[in-house]
Trainee: 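Mind looking over this structure? Questions follow.
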Amino acid sequence: MEQIIQTLILGLALGGVFALMGSGLSLVFGVMRIVNLAHPSLIIAGAYATYWAFKLWGIDPLVMLPVAAIILAAIGVLLYKLVFEREARSAKYSEMTVLLTFATAMIVEGALGGMFTNTQRVTSPSYATDAIFIGNIFIPTGQLYAGIVSLLIISALALFLKYSRFGNAIRATTQNREAAELLGVNVNLVCIMSFAIGIGLAGAAGSLVSFVFSFFPAKHWEWVAVLMSLVVLGGMGSILGTVIASFMLCVVAAFVGAYVGATWSTMTFFLALFLILLIRPQGLFGEKPELA
Amino acid sequence: MMSVVSETLTGDAASSVLEARRAHNEKLAAKSDKARAIWFPIALLLLLLALPALQVIGNFNYVLHLVLFTACYVTMASGWNILGGFTGYISLGHNVFFAIGGYFAGMILARYGISTILMAPFAGLLCAAVGYLIGRVTLKTRGPSFIISSLALVMIARILFDHWKFVGGANGVALPANDLSVEWAKLPYYYAFVVLAAFSVWLSYKIKHSKFGLGLRAISKDEIKAESAGIDTRTYKVLAFAISGALVGMAGAIWGEYLTYIRPNIFLIILVSVNMVLMCILGGKGTIAGPVIGAIMIIAFNELFVATLGASEINILATGLLMVIVLLFFPQGIVGTLAKHHKLPRILNWD
Amino acid sequence: MLEIKGLCKYFGGIKAVDDCNFGVERGSITALIGPNGAGKTTAFNCISRTAMPTKGSVWLDGERIDKLRPHQITQRGLSRTFQISRNLADMTVLENVICQSRIGGWRDLMKPAMSSDEIDKAMGILDFLGITRIAYEDGSNLSYGQKKLMDLAALLMSDPKIILLDEPAGGVNPTLLEEIVGHIRKLNDQGLTVLIVEHNMELIMRLSHRIVVMAQGRVIANGAPAEIRENPAVLDAYLGGVLEEAV
Amino acid sequence: FSQDGPIKIGASLPLTGSFSIAGQKHQQGYELCVDLINERGGILGREVELIVSDNRSDPATAINQYERFLNVDGVEAVYGTFSSRLSFPVANILARNGMVHALPAGGALRIYEQGHDNIFYFQPNAAEYVGASLAGVVRDLVPAEEAPKTVAIISADDFFANGVWSGLMGEIVTDPADGSEVADLSPGYLAELGLEVVYSERWPEEGFNDWLNLANQVRQTEPDLIIGLTASAEEAVQLTRAFDTVRATPQMVYFSQGTQAEYLEGTGDSAQGVLVHTSWHSDAPFQSLLAGSEFSNQDFVGAYEAAYGSPPDEDSAIPFAVCQGIEQAMVGAGTTDNAAMGDWLDARTKEDAVRTILGRFSWDDRGLPVEKPFLMTQWNDGELQFIYPTDEFEGVSAMSYPKGSF
Amino acid sequence: MPELLDVSSLTAGYGDGPAILDGAHLTVQPGKVHCIIGPNGAGKSTLLKAICGMLKIRKGDVKFKGESLKGLRPDQILRKGICFVPQERALFPKMTVRENLRMGGYSLADKSGLERAIDEIEERFPILRERRDQHAGTMSGGQQQTLAMARTLIVKPDIVMLDEPSLGLAPKIVQEMFDIMKVMASEGITILLVEQNALMGLKNADWGVVLDLGRTLFEGPAAEVMADPRIQELYLGGKKAA
Ligand SMILES: Nc1ncnc2c1ncn2[C@@H]1O[C@H](COP(=O)(O)OP(=O)(O)OP(=O)(O)O)[C@@H](O)[C@H]1O
Ligand SMILES: Nc1ncnc2c1ncn2[C@@H]1O[C@H](COP(=O)(O)OP(=O)(O)OP(=O)(O)O)[C@@H](O)[C@H]1O
Ligand SMILES: [Mg+2]
Ligand SMILES: [Mg+2]
């Protein structure tokens, strides 16, 4: 029994981190129809920012989080201007951006590798390897803090998108760019802003990741497929779906890891993805496709 | 107020606009009629078939290796093109077929000593069957979800192969090398790949100009419309998936023996599928010559980089940059974009 | 020929089509009319199976077709147009039209994409609809009306037994409309059955043999044009005071 | 072969991709060695030119590059590449071309069982025999009454780690190609020591993140000895941190990776007492030969620090030794003809060995070194100390035991 | 009477394709209903798109209140007071009806008035109130058209350009739609509409324009356009001419 609770806790703890990593991806897809394969690589960029701040000046990763978010948001603006703006009007936008973001991921990886080498890094604030023990059961504090912070950020964001005027403009632009323009929305600005927010989330996630996992520039390939499974499972573009999917899958993976074998725990994500495609292609919270 | 009749309906005005319109249409029509240069790929093929004669005067293994390597990727990229280019389903998981083909033929070689070149067609059939089954599931999704499902496919295959003790798990299997002398050792694979590449180009051509191909193109544009136009979209796309998987599988079969070593990590890394995609995009998705040109360019580019820059992270950076630049400036690939602007040299028009 | 029995389609709480029954006789032109949101398009979707009916059944020539897939229905001779035209971008109008196909079997798949017979036939249809000049135009670069015409052309390409037209006249120039009406008549004379949704009452009254009126997902009237014109329920629900003017 | 101009030597290394860190350090090792040789007048009176290219950790590229070295660049010798997975296919190509294949890394027994006679391994031994040093430490350094009784063994599903696992657990190594037996390692080092395996688990090569869960599983079985066979130093960092978090308290911890400075940086105090084996240690007083003159291990450390500004680790030392080996073979054979070089290397014995900064090398028929144990090191007070074997040289530190908490 | 909008010898097209509009001209007077008719593919929609900034003007000029609109973005042109409802119903399919209406008022400076305006509209079109939380994309064709039309009423611009407002609407609603237009015109809003339901359109308009092959062929009071036998024959179905 104790072990079951312990495994559950570990699964949930990991889920919190993945939730934030996945939700930025989900957001950018949801509002902009961009499948941002570069997202994980930008998370790593955020992690590096946090790492150096910690190493050079001893700044706590959680304090660094907003700064990393802002830095990455700025990079997002730059990226958008350089890479995505031209394509924004194309009918093949969604498909094109998959490839563009893929290429971006390689650029980010190459640039990070050039600057910081491929050595794996991790920040070590004291709470990163600490745990709260309740009897024999423990809650890892690093992941606990990360989970709480990530849920806070996600909720704030979801509310902003749903209820603010700007949030509405973002969604409107995604759905019908021309119409939004005809109603007076400066669509280009909207696109830049929402991209910046999405990438900013990657920066924030990077800060959390920096003390939960170790990272190096090429690490993002490991995450891409996992994060994507979360997003698809949750239903493309649904942030709530992504969050729930992360918790669900991480818990399942934890149990698989504990009771079936560590090798199979990573498999959980991909198998779940296939099962969901088999029985419910639109994911948990996605919209049903037109043709059944 | 007087009725302002600004211009009467004399024929002139009307016909001049009509004229412009017609000229425009004729230009479009001309594009599709322009005699394509079939002779060029055939000449190229003949040249390549004769190339190994060089071995008589010296050791040109490296040249053969490059051609062979390119031909391998031409096969794979053309295969990918049938699904990704014609049908519009971007798969980042086609290296799964590469692996299945490689392992199937490789294990038969290791256990029974039958050359993979003979087994390649069977590897193709196996991959087609697997592709059919997988396609039934993953092709239910569309667009981004499909892309991601294809990524997941690679991960699953990777984990399965990594733990399949019979095929050596993550450590892989070393295959016996043939016992030809250094100069001639590459020849069987060389010819196998060149023929395979020619076959896949020919097959894509055939498909593109068939009812099946038209149906695939319709699917890539609007599946609901295609379905209600009487096209059995599900079967069509699964079939396209199977065919493209078969081509990639055949390439994988021979590749394993050529490397004398099979291991999940050779086949199931993202770079392999990215290369396929990148080649098609660079050359021109949905065109016949596109994957060929893409393959040549990417491999030449890689060689150039390794030779000049030596190596570093700049490799990755440069590949990424190249990809971005191509996508931004040649969104339809080199062949596609040139054709759109009516600047495609005749020798590259194989469609 | 076409029989709709107890057809229902619910979207959550919205009953778009609610226990709908009507038939289309072979060789007739039947009109389906009703106020906006009555469920006409949804009924079409259920018949051609682009949407899954919640309940009920659809029969074509005595065969139940609501479990078939859309292309199978098309291959059985039932074709439809969409209210908001769907077209295949990056393909010429000609290809768009020729795509509408009835492929016999496996062997057909490898036949040339566009045989010269097919091109001739397609050009004939385009010519008839007056859009030959856009034959090589990209299917997505058309004006609204041209798209509707292209849809119609594609429909005729597959020699269907019965066609379902969803507002074919919307956005089509009156002059051309006259010709289309004439052509539909002619096809009908040759034995083609037509089910048509239209808001152009004048056209409906002239063209149809039978009118089915829907409102809020149900059939509220079903009869010859003359009867429908007199039916107070219809007048109230749909036509308002416009009827006299229109006819 | 051209007999004038520099001697060209090619090395294809994984400078990018998953092995990039090790690959780059290998490049430094090769380059340093070649530079030093050239400073001392080259080989056979000729300058040496090193050509390095990046194979991106990809076997096909690696083959391609060795092919190019031979066909296009006209190299007279090659240095091996890094890792077993790249060495497997490269071994075939080099054998076919009759080149001497000196491997810096490629510990899988199977590579040497393929029957190539041109292959020479420049590390203490194949992975399967790494466990011997751990066994030695437990047997020789721990008092019998305090010796660990139970062991938890966890491993990455990696070529090298799997090899070590086979040795420790006493598995039969087979060739999956035809199912034939390569070696029977039973009963295995753990069984020999009388240790009871209370927990064993492998994690996948890529994409594994659930360290805490794994560490918790280990903790639950309360093992005296924890063996972690990681694929990289980074995984060792992750494991150490996870054990720290779950507050595991073993008496002894052994990792197969973790001698690098990065390990210490990532783990800090938790590294205290962790044992790691290595092929090379800066304190080992090996005397070697470079360009005909004596060159000690300390000279190497000094030269490396002067060149790169940081202390070397084994990933640079091993390739350095490879380079020394090829140099001595050329000089010994008096030619750059690879057949002659191969014969010369084959003829080495324990007494008349190739002398490198890793010590003396002579090889058996398979190409594996004869009688070369691995060294065992331990992290103590933020320093990697060399603790075993105790009888070979001076300067061996005492082992701290038990480890206790992380 | 001063001209509110003046389009002179306008040339425009899509991308780098051929010129679709080739010398079209148009004058628009305040407070009147203008109806453009013409066969399919004549360039009517293209003309409206060029005016509102969705297409680049290649030659000629569009002047609004004497000021050139050349080179402005659609959102800038909207703020100047020209509102456009395209033929392909510019709705946001995955936003609710209410959110769509709210987006209609996006350009308004006065946020407080927005809710009131929406209430008013819901009053007028009960279906929109009823379906307030339905996604716009799932509404029936006619309902979508109603929503698109209704949304322009929020902005209260100087000119409303409507591309086939009667498309897909039931006869009863069509009449209502034209009535609303008249009310708007009487409130001083200028209306420019394109209609294929040409008779209906002209009947309800003050001014008629015939566009074909990218050029303006006739321009005149609606009644006169309607009465012209040649126009009847070519563009109005030729019923009365025959
Ligand atoms: N996907 C959907 N989700 C929810 N409601 C829907 C959906 N599709 C249609 N509806 C609703 O079902 C009803 C019927 O719609 P339908 O499109 O069939 O009407 P219609 O008769 O074709 O009207 P029109 O003449 O305006 O085209 C409408 O009230 C519409 O809002
Ligand atoms: N996006 C586009 N790209 C290229 N050409 C286009 C595009 N849209 C329309 N056209 C062409 O422009 C011409 C005029 O189209 P437009 O939409 O202005 O016609 P329209 O007068 O509005 O017709 P309708 O009454 O059918 O709506 C047509 O011949 C069409 O082929
Ligand atoms: Mg409808
Ligand atoms: Mg129009």
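Below, chains carry the letters A, B, ... as their sequence lines are ordered, and counting in each starts from 1.
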Trainee: Measure Arg110(D) against the heavy atoms of chain B and call it side chain, backbone, both or neither at under 4.5 Å.
Mentor: side chain
Trainee: Answer yes or no: does atom OH of Tyr191(B) have more than 12 heavy-atom neighbours from other residues, nucleotides or ligands under 6.0 Å?
Mentor: yes
Trainee: Let me know if Leu175(B) has heavy atoms under 4.5 Å from chain D in its side chain, its backbone, both or neither.
Mentor: backbone
Trainee: Where does Ile299(B) contact chain D at under 4.5 Å (heavy atoms): side chain, backbone, both or neither?
Mentor: neither
Trainee: Taking C-beta and beyond as the side chain, do Tyr62(B) and Asn64(D) meet within less than 4.5 Å on heavy atoms?
Mentor: yes
Trainee: Under the 3.5 angstrom rule, does the side chain of Arg111(B) hit a backbone N or O of Ala177(D) as a donor-acceptor pair?
Mentor: yes
Trainee: Distance from Ser84(D) atom OG to Tyr261(B) atom OH, nearest 0.5 Å?
Mentor: 7.5 Å
Trainee: ring-ring contact (aromatic ring centres under 6.0 Å, His included) with Tyr190(B): which residues, sequence neighbours excluded?
Mentor: none
Trainee: Side chain, backbone, both or neither: which part of Asp158(D) has a non-hydrogen atom closer than 4.5 Å to chain B?
Mentor: backbone
Trainee: Should Asn171(B) and Arg85(D) count as side-chain neighbours, where that means a heavy-atom distance under 4.5 Å?
Mentor: no
Trainee: Which heavy atom of Pro176(D) sits nearest to which heavy atom of Lys165(B), and what is that distance?
Mentor: CB-O, 4.3 Å
Trainee: Please report the shortest heavy-atom distance between Asn71(D) and Phe60(B), naming the atom on each side.
Mentor: OD1-C, 3.7 Å
Trainee: Please give me the minimum heavy-atom distance between Pro89(D) and Thr260(B), naming the atom from each residue.
Mentor: CA-OG1, 4.1 Å
Trainee: Please state whether the side chain, the backbone, both or neither of Leu259(B) comes within less than 4.5 Å of a heavy atom of chain D.
Mentor: both
Trainee: Quick one: are Arg68(D) and Glu303(B) in side-chain contact, heavy atoms under 4.5 Å?
Mentor: yes
Trainee: At a 4.5 Å cut-off on heavy atoms, which part of Gln114(D) comes close to chain B: side chain, backbone, both, or neither?
Mentor: side chain
Trainee: From Phe88(D) CZ over to Ile266(B) CD1, what is the distance, rounded to the nearest 0.5 angstrom?
Mentor: 10.5 Å
Trainee: Is chain B contacted by the side chain of Asn162(D), its backbone, both, or neither, given a heavy-atom distance below 4.5 Å?
Mentor: side chain
Trainee: For side-chain hydrogen bond (donor to acceptor under 3.5 Å, both in side chains), just list the numbers for Arg96(D) and Asn61(B), CA-CA rounded to whole Å, side-chain angles, deciding distance to a tenth of an Å, and then say yes or no.
Mentor: CA-CA 12 Å; Arg96(D) 202 193 279 282; Asn61(B) 266 342; over 6 Å; no
Trainee: If I take atom OH from residue Tyr66(D) and atom NE2 from residue His65(B), how far apart are they, to the nearest 0.5 angstrom?
Mentor: 14.0 Å
Trainee: Identify, with sequence neighbours excluded, every residue that meets salt bridge (charged side-chain N to carboxylate O under 4.0 Å, His left out) alongside Glu31(D).
Mentor: none
